[in-house]
Amino acid sequence: MSTDQDLLADGRLTDGLLAHPYAVYDRLRDTAPVHRVTGPDGSPAWLVTRYDDVREALANPLLSLDKRHALPGGYKGFALPPALDANLLNMDPPDHTRIRRLVGRAFTTRRVEQLRAPIRRTADHLLDVLGTSGGPHGSTDLIAAYAAPLPITVICDLLGVPHEHRRDFRAWTDVLVAPDPARPQAAKEAVVAMLGFFTQLLADKRKEPADDLLSDLIAVRDEGGREGSDRLSEDELMSLAFLILFAGYENTVQLIGTAVLALLQHPDQLAALRADLSRLPAAVEEFVRYDGPALLAIRRFPLEDVTIGDVTVPAGETVLLSLAAANRDPRRFPDADRFDLGRDATGHLALGHGIHYCLGAPLARLETEIALAALLERLPDLKLDGDPGDLRWRPSLRARGLLALPVTY
């Protein structure tokens, strides 16, 4: 039987998993449901890989997101200052419930649907630029030219972030998601820059409120909450703005990129989708199941000893739930490694499950649907430019995404 050392290079979640995540996860699922591994920072963790176990754990109230419940020396994820760390990814009820209720109004399916026309205008503008620069035929990096600027424009417009700061935010986000070992100070510098950016942005919005989500959240903070019991601290306000902007950009750019890649690598599926774009909403579910934007859910810490599968995890230790492995579990999705837009992909865990289900899921779905519709309608001869084996992936265990996607059209 293969050992963790065989699979993960001395038990570490490193090279093998980054290069071939689904092959590694297939072997881990077959070996055991829960594995003792070494986390990205060298600390110990428990990795959960099977669908039923991951789904149950995502909704288990005994698995806390609050880092105060972690044992000393355990893996905790991003090290952020308090002004950016008081966000939903580190909270349990009742604080999680209170803050999610406040911001959830902006991300209902009905409210998000009102963004359909503005998102399509943004997509068409980006494709217009491609047409202008390349004429009827051209080549480009689809991540830099389309998949990245679309979601950053949408989420910045929603929050009310000025245009001149959007390029900086993309650069800071890239540094945080995939830190460069050769530049250990870069992540700290990015955090300092983001903290300064949000501090100034909140001050500007207080002076000149506008018709945007951030101005609304500031009003909730400064006026004490519409229902009287709702409150936001200043750190919670800034952390919420950071999370919405960070997650609203990062997850969607990765999803658009991997969705386009999957289509280009499966011409039969691409042809079927081109022939009937009304299938796009259902297709998005298969895109996120097959190659979603996150390999792992946010780390969790048991409030007491918890049994997952046949393994008892002690209180306070770090639990990593593999969304990617769960979504390729053949026990839940037959022939799970096959990309099939005709399958029923509902029930996937790419966007979470339970009370921590992705707040921005309706927006991510809509952006991906519109981005692909515009692309397929306007670039009928889209093809990969080069060998798929030469594609470079983001060196991150958190975010699954392409660094670049060279195409011709």
Side-chain angles (χ1 to χ4, degrees), residues 17-30 48-52 54-55 58 142-143 147 151 250-277 279-297 321-353 357-358 360-361 364-373 375-376 382 384 388-389 391-394 396-403 405 407:
L17 188 59
L18 289 174
H20 306 287
Y22 297 108
V24 172
Y25 280 137
D26 282 348
R27 297 168 67 190
L28 287 172
R29 271 197 317 269
D30 291 342
V48 185
T49 57
R50 294 181 183 173
Y51 179 91
D52 288 343
V54 171
R55 188 177 190 275
L58 285 169
L142 203 66
I143 301 298
E250 179 61 34
N251 288 336
T252 309
V253 62
Q254 311 306 346
L255 178 53
I256 293 172
T258 54
V260 173
L261 176 62
L263 289 172
L264 295 181
Q265 290 184 313
H266 298 84
D268 59 329
Q269 301 291 306
L270 174 58
L273 190 57
R274 281 193 190 279
D276 184 6
L277 290 180
R279 298 176 58 191
L280 264 170
V284 170
E285 304 310 311
E286 176 66 350
F287 293 135
V288 292
R289 182 207 71 83
Y290 179 74
D291 203 359
L295 292 174
L296 301 170
L321 307 175
S322 175
L323 306 177
N327 287 333
R328 294 285 190 99
D329 190 339
R331 300 167 185 82
R332 175 60 179 81
F333 299 103
D335 200 5
D337 287 328
R338 180 167 57 89
F339 176 62
D340 180 7
L341 295 182
R343 89 161 68 236
D344 179 3
T346 56
H348 66 75
L349 303 176
L351 300 171
H353 173 66
Y357 184 78
C358 177
R365 285 185 167 101
L366 184 65
E367 287 184 73
T368 304
E369 175 191 336
I370 294 172
L372 293 174
L375 201 64
L376 297 181
L382 192 68
L384 275 176
L391 292 171
R392 295 180 302 122
W393 292 87
R394 186 181 291 273
S396 170
L397 288 168
R398 179 194 173 278
R400 166 76 173 166
L402 291 159
L403 289 171
L405 181 56
V407 297

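Because the structure is predicted, anything quoted here is derived from the model rather than measured.
- Sorted pairs that involve residues 253-277 and meet salt bridge (charged side-chain N to carboxylate O under 4.0 Å, His left out), not counting sequence neighbours, are lacking altogether.
- Nearest approach of Leu295 to Pro21, heavy atoms of both residues: CD2-CB, 3.9 Å.
- Side-chain atoms of Arg50 come within 3.5 Å of backbone atoms of Arg29 as a donor-acceptor pair (strictly under, hydrogens ignored).
- Scanning both residues, Thr346 and Phe333, for their nearest heavy atoms gives O-CE2, 4.0 Å.
- Remark: Ala373 engages Arg120, Leu280, Glu377 in a side-chain contact (heavy atoms from CB on, under 4.5 Å) (not counting sequence neighbours).
- Rounding to the nearest 0.5 Å places CG of Leu375 at 5.5 Å from CG of Leu142.
- Residue pairs that meet the side-chain hydrogen bond (donor to acceptor under 3.5 Å, both in side chains) test with at least one member in residues 333-343, sequence neighbours left out, are Glu286-Arg343, Arg328-Asp337, Asp335-Arg338, Arg338-Asp340.
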Check against side-chain contact (heavy atoms from CB on, under 4.5 Å), Trp393 and Leu403: CA-CA 5 Å; Trp393 292 87; Leu403 289 171; over 6 Å; no
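- The two residues Leu296 and Ser322 make their nearest non-hydrogen contact at CD2-CA, 3.9 Å.
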Trace of the side-chain contact (heavy atoms from CB on, under 4.5 Å) decision for Leu382 with Leu376: CA-CA 8 Å; Leu382 192 68; Leu376 297 181; 5.6 Å; no
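- Judged by distance alone, with hydrogens and angles left aside, the side-chain atoms of Arg289 form no donor-acceptor pair with the main-chain N or O of Asp344 at under 3.5 Å.
- Residues satisfying the side-chain contact (heavy atoms from CB on, under 4.5 Å) test with Ala361, not counting sequence neighbours, are Leu351, Tyr357, Cys358, Arg365.
- In this structure, OG1 in Thr258 is found 10.5 Å from CD in Gln265, a value given to the nearest 0.5 Å.
- Minimum interatomic distance between Leu270 and Leu263 (heavy atoms only, all atoms of both residues): CB-O, 3.5 Å.
- Annotation: side-chain contact (heavy atoms from CB on, under 4.5 Å) contacts of Ala283 (sequence neighbours excluded): Leu273, Phe287, Leu341.
- With salt bridges taken as basic N to acidic carboxylate O contacts below 4.0 Å, one links Arg331 and Asp329.
- Smallest separation of non-hydrogen atoms from Gly352 and Leu58: C-CD1, 4.2 Å.
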Verdict with supporting geometry, Leu372 and Val260, side-chain contact (heavy atoms from CB on, under 4.5 Å): CA-CA 7 Å; Leu372 293 174; Val260 173; 3.5 Å; yes
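- Contact record, Gly401 with Gln254: CA-OE1, 2.9 Å, taken as the closest heavy-atom pair.
- In this structure, Tyr22 and Tyr290 have parallel ring planes: the angle between them is below the 30° cut-off, well short of the 60° mark.
- Not one N or O on the side chain of Thr368 forms a donor-acceptor pair closer than 3.5 Å with the backbone of Val284.
- Under the rule for a side-chain contact (heavy atoms from CB on, under 4.5 Å), the partners of Ala147 that lie at least two apart in sequence or sit in another chain are Ile143, Val253, Ile256.
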